[in-house]
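Structure, as structure tokens:
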There are 2 protein chains.
Amino acid sequence: MLFFGYRDFISEPDRILADRGLGRAHHRVIYFVGRYPGATVSSLLSILQITKQSLSRVLSQLVEEGYIVQRQGASDRRQRLLTLTEKGRALEEQLTETQRQRLARAYRQAGAEAVEGFRKVMLGIMSDDEDRSRFGATKRRP
Amino acid sequence: MLFFGYRDFISEPDRILADRGLGRAHHRVIYFVGRYPGATVSSLLSILQITKQSLSRVLSQLVEEGYIVQRQGASDRRQRLLTLTEKGRALEEQLTETQRQRLARAYRQAGAEAVEGFRKVMLGIMSDDEDRSRFGATKRRP
DNA sequence: AATTTATGTCAGCCATGTTGACTTATATGC
DNA sequence: GCATATAAGTCAACATGGCTGACATAAATT
């Protein structure tokens, strides 16, 4: 179910991205920068769990093409705080909208109770409390 | 949640496969051949939605290395019916076991009701009735 | 002043997806 | 029975997005 669900969930965004010469790796970066404005490069690395070389490839493209801006950190000037531009925000919304609709449909059909169950099970599948905590979950019993 | 859940769900199998020089594409083939013994190549293509060139690469390796056997179809001799060997079955079980435990833990923590909700929402996320029907789901209301 | 940390970069490798063109064997339809 | 369609396989080339290793720079920390 996860295989089919995940595949179908990203299929629409994939098509939209392909039209712009972007891939799903770009989507992830846009998504998380949108969700955490001012995120640092290393925070993205720890969320995505990829190498900085992999991130660099997609991030530099997003900066070059004007989806994301980097500004120097105030307290730590080594950091590059990442934020979506207007263009980036627009794309993020376009991508999210297709997924939002898909989720809304699933939610409508399944009901609020099912949604709560879905959240619980997904949290249980995750390996780390670190991942779970992004969703406001309490620590898992061992 | 799907991103984190899916990533964590396949991380253990990925490690086990890597030790044998296999990847997650091999896992998919092994999984579906295990689930549908005697599956044809084209049935796999339609499940996985990849090109036969992509499938061929992993499938031939699995056959060469003795995880899967092909036999000619009885009614249609053009078909190659795919089945796991003992070795293939053993690997399939090893891979599935780690995921089964992860699911069991999630289920234990979330409860049977949550599991039903999880299933409902996952089915609602899927695009096609074709995908949904693999899980014994009834047709979705439009 | 020395070390650590945050970020970036070059170069190359691997897995897994793609398209396009073509072959072989077998089944099926007229 | 012949023409066509289908199941499967193959060669070649390319794209995406992971990876490792090595090294550089600037700024923070000790």
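Predicted model only: the values in this text are computed from it and were never measured. Every chain is numbered from 1, with letters handed out A, B, ... down the list of sequences.
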### Message
When the axes are fitted on five pairs at both termini, how much does the helix from dA1(C)-dT30(D) to dC30(C)-dG1(D) curve, in 10° steps?
### Response
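Taking the rotation axis at each end, their angle is 30°.
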
### Message
Does anything in residues 23-40 of chain A come within less than 4.0 Å of DNA chain D? Heavy atoms only, and list the residues if so.
### Response
Gly23(A), Arg24(A), Ala25(A), His26(A), Arg28(A)

### Task
Using a cut-off of strictly less than 4.0 Å between a heavy atom of the residue and any atom of DNA chain D, enumerate the qualifying residues of residues 51-74 of chain A by number.
Thr51(A), Gln53(A), Ser54(A), Arg57(A)

Which residues satisfy the side-chain contact (heavy atoms from CB on, under 4.5 Å) test with [X], sequence neighbours excluded?
X: Ser56(B); value: Ser60(B)
X: Glu97(A); value: Arg100(A), Gln101(A)
X: Gln79(B); value: Thr40(B), Asp76(B), Leu81(B)
X: Gln53(B); value: Thr51(B)

### Query
Which residues pass the ring pair (Phe, Tyr, Trp, His ring centres under 6.0 Å) test with Phe118(B), sequence neighbours left out?
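Phe118(B) satisfies ring pair (Phe, Tyr, Trp, His ring centres under 6.0 Å) with Phe118(A) once adjacent residues are dropped.
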
Please list, one pair per line, the donor and acceptor atoms closer than 3.5 Å that link side chains of residues 29-36 of chain A to other protein atoms, with sequence neighbours excluded.
from	atom 1	to	atom 2	distance (Å)
Tyr31(A)	OH	Arg35(A)	NE	3.1

### Message
Can you give me the first and the last nucleotide of DNA chain D (5' to 3') that has an atom within less than 4.0 angstrom of a non-hydrogen atom in chain A?
### Response
dG17(D) to dA28(D)

### Partners meeting salt bridge (charged side-chain N to carboxylate O under 4.0 Å, His left out) with Arg28(A) (sequence neighbours left out)
none

### Task
Take the protein atom CG of Asp76(B) and the nucleotide atom C1' of dT24(C), then report the distance between them rounded to whole Å.
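Checked: the CG to C1' distance equals 14 Å.
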
### Message
For DNA chain C, which residues of residues 1-15 of chain A approach it to below 4.0 angstrom with any heavy atom?
### Response
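Contacts with DNA chain C under 4.0 Å: none.
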
